[in-house]
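Residues: numbered from 1 along the sequence shown.
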Amino acid sequence: QVHLVESGGGLVQAGGSLRVSCAASGLTFSTYTVGWFRQAPGKEREFVAAITWRSSNTYYTDSVKGRFTISRDNAKDTVYLQMNSLKSEDTAVYYCAADRYGMGSRNANNYENWGQGTQVTVSS
């Protein structure tokens, strides 16, 4: 059974940094592309970043380029999202999701496994 567990969320001031983690179990992690999505109150869930299973290619939504960095450690079955220069509009629940042999899709429907989410709140 696949489990994805996010951690590292919290409250931070605007301009600050946070690193959220996604720890996976019950799957061959190296064969999964992992994406980060977020959902703010009253808004649709949106793509944030993805890192592919092969070559670790990375993809970002425009609003986080240059501020967020996604990375993976296959030895620890973990993906990280380093978030710098945080803005109030980054406030959301952040979810990680896994897509076996995925290409780094921005479409949430392509990800078959999801974590429970971690809250990130940026105060202005």
Practice task
Could I get the full list of salt bridge (charged side-chain N to carboxylate O under 4.0 Å, His left out) partners for K65, not counting sequence neighbours?
Solution key: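 Expected list: D62.
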Problem - side chain to side chain contact (heavy atoms under 4.5 Å, CB included) against A14, all qualifying residues, sequence neighbours excluded - result: V122
Are [X] and [Y] connected in the hydrophobic side-chain network, where two residues link if heavy atoms are under 4.5 Å apart?
X   : Y   : answer
F29 : I51 : yes
F47 : V34 : no
V12 : V48 : yes

Practice task
For residues V20 and M83, determine if any side-chain heavy atom of one lies less than 4.5 Å from a side-chain heavy atom of the other.
Solution key: yes
Side chain to side chain donor-acceptor pair (under 3.5 Å) partners of [range], not counting sequence neighbours, each pair once:
range           : answer
residues 11-30  : S17-N84
residues 50-61  : none
residues 93-105 : T31-R100, R38-Y94, S105-N110

Problem - All pairs passing salt bridge (Lys or Arg N to Asp or Glu O under 4.0 Å) where residues 70-84 contributes a residue, at least two apart - result: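 Residue pairs passing salt bridge (Lys or Arg N to Asp or Glu O under 4.0 Å), neighbours aside: none found.
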Exercise for the section: Could I get the full list of side-chain hydrogen bond (donor to acceptor under 3.5 Å, both in side chains) partners for Q119, not counting sequence neighbours? Expected result: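 With neighbours one apart ignored, the set is T121.
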Problem - R67: partners by side-chain hydrogen bond (donor to acceptor under 3.5 Å, both in side chains), with sequence neighbours left out - result: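 So R67 forms a side-chain hydrogen bond (donor to acceptor under 3.5 Å, both in side chains) with D90.
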Exercise for the section: Would you list the pairs meeting disulfide bond (SG atoms under 2.5 Å apart) in which at least one residue belongs to residues 34-65, sequence neighbours left out? Expected result: none
Exercise for the section: Mind jotting down which residue pairs meet the disulfide bond (SG atoms under 2.5 Å apart) criterion with at least one end in residues 11-98? Sequence neighbours excluded, please. Expected result: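 As it turns out, the disulfide bond (SG atoms under 2.5 Å apart) pairs with a partner in residues 11-98, which skip direct neighbours, are C22-C96.
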Problem - For A40 against A92, the heavy-atom pair lying closest together - result: N-CB, 3.8 Å
Exercise for the section: Provide the closest heavy-atom pair for A24 versus L27 in the form atom of the first, atom of the second, distance. Expected result: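 Reported closest heavy-atom pair: CB-CD2, 3.5 Å.
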How many angstroms lie between [atom1] in [X] and [atom2] in [Y], if you round to the nearest 0.5 Å?
X    : Y    : atom1 : atom2 : answer
S124 : L86  : OG    : CG    : 12.5 Å
K87  : S63  : NZ    : OG    : 7.5 Å
L4   : Q116 : CG    : CD    : 9.0 Å
L18  : T118 : CG    : OG1   : 9.0 Å
T91  : K43  : OG1   : NZ    : 10.0 Å

Exercise for the section: Output every pair passing ring pair (Phe, Tyr, Trp, His ring centres under 6.0 Å) with a member in residues 103-124, not counting sequence neighbours, ordered by first then second residue. Expected result: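 Found F37-Y111, F37-W114.
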